[in-house]
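Heads up: the structure comes next, in structure tokens.
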Amino acid sequence: MRIDILTLFPLMFEGFLTESIIKRAIEKEKVTINIINFRDYSLDPHHKVDDTPYGGGSGMVLTPQPIMDAVDDLKTEDAKVILLTPDGIKYTQQMAYSLSNCKHLIIICGHYEGFDERIRSIVDMEISIGDYVLTGGELPSMVITDSIVRLIDGVIDKESHLNDSFNDNLLDYPTYTKPRVYRGMEVPSVLLNGNHKEIEEYRKSEALKRTMERRPDLLEK
Ligand code: ADE
């Protein structure tokens with residue numbers, strides 16, 4: 001899989017690409033992640049990428065030329081172009097699964113007060129990571145990339161993501177490790193008895209209980 005991220009702040013991605021599971025996925029050639037500064041595509045003599053809004057108002061608006069030229073340059077036949085914006089559809093685990101099957105994603109990180117509306121004409125999908133406003137699309141692009149890359153075959157154990165929260169619209173069941181008793185809190189005895197059927201039933205019922213308490217909206221789905 002190839003992921004191209006268009007940003008004005010490439011340094012924000014340094015830690016993201018050089019640590020932990022994303023680093024390993026890149027080393028194992030499961031994914032190629034290119035960070036592209038779309039300022040490099042600006043035809044303005046001073047490499048300007050923004051301007052004041054027509055009709056007035058505060059803040060600067062990203063101009064269409066650098067972003068649209070960058071996408072034209074990077075686009076392949078398989079590319080899906082994603083724009084990150086609080087106005088987009090809300091991101092879910094189901095969307096992560098679906099995007100993890102794509103061959104090529106181009107992710108555009110918005111910034112400042114917004115972007116010229118005409119940029120929307122070249123995107124396939126607009127995504128928001130939640131109902132709050134961030135200073136730009138960089139963190140959302142990392143959130144989305146992380147959630148997708150861990151689902152690519154061979155990146156982490158399949159078993160680990162089959163048990164993820166949100167699969168089957170359920171939150172995860174509680175897990176424990178050693179020691180058996182810590183600060184007076186004991187590991188539930190059912191997990192110690194080696195009876196796999198009972199363990200499975202306990203986990204299912206705990207996942208359901210937790211989902212009912214914390215996220216009843218998931219059960220309605
Ligand atoms: N840019 C700013 N806030 C955002 C959000 N919540 N989701 C996606 N992109 C954004």
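One-based numbering, in listed order, for ligands and for the atoms of each.
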inquiry  = Please check: side-chain N/O of Thr211 versus main-chain N/O of Leu171, any donor-acceptor pairing under 3.5 Å?
reply    = yes

key: side chain to side chain contact (heavy atoms under 4.5 Å, CB included) between Phe16 and Ile35, intermediate numbers included   = CA-CA 11 Å; Phe16 177 62; Ile35 307 298; over 6 Å; no

ask   = Under 4.0 Å between a Lys/Arg side-chain N and an Asp/Glu carboxylate O for Lys209 and Glu206?
value = yes

query = How does Ser128 reach ligand 1, by side chain, by backbone, by both or by neither, if only non-hydrogen atoms under 4.0 Å count?
reply = both

query = Between the main-chain N or O of Met12 and the side-chain N or O of Glu138, is there a donor-acceptor pair closer than 3.5 Å?
reply = no

key: Protein contact to atom 10 (C) of ligand 1 [nearest heavy atom, distance to 0.1 Å]   = Pro86 CD, 3.7 Å

query = Quick one: nearest non-hydrogen protein atom to atom 3 (N) of ligand 1, plus distance?
reply = Leu134 N, 3.0 Å

query = Under 4.0 angstrom from ligand 1, any heavy atom of Gly130?
reply = yes

inquiry  = Can you tell me which portion of Thr85 lies within the under-4.0 Å heavy-atom range of ligand 1? Options are side chain, backbone, both, or neither.
reply    = backbone

request  = For residues Ile148 and Met1, determine if any side-chain heavy atom of one lies less than 4.5 Å from a side-chain heavy atom of the other.
outcome  = yes

message = Just to confirm my output: which protein heavy-atom neighbour is closest to atom 6 (N) of ligand 1, and how far is it?
response = Tyr132 O, 2.8 Å

ask   = Should Gly136 be listed as contacting ligand 1, given a heavy-atom distance under 4.0 Å as the test?
value = yes

note = The closest protein heavy-atom partner of atom 7 (N) of ligand 1 is Ile129 N, 3.0 Å

message = Does only the side chain of Thr135 get under 4.0 Å from ligand 1, or the backbone, or both, or neither? Count heavy atoms.
response = neither

Ligand 1 atoms in contact with Ile127 (distance to a heavy atom under 4.0 Å) = 8 (C)

query = Hey, is CZ on Arg120 packed in by over 12 heavy atoms from elsewhere, all under 6.0 Å?
reply = yes

key: Any donor-acceptor N/O pair, His111 side chain to Gly137 backbone, under 3.5 Å   = no

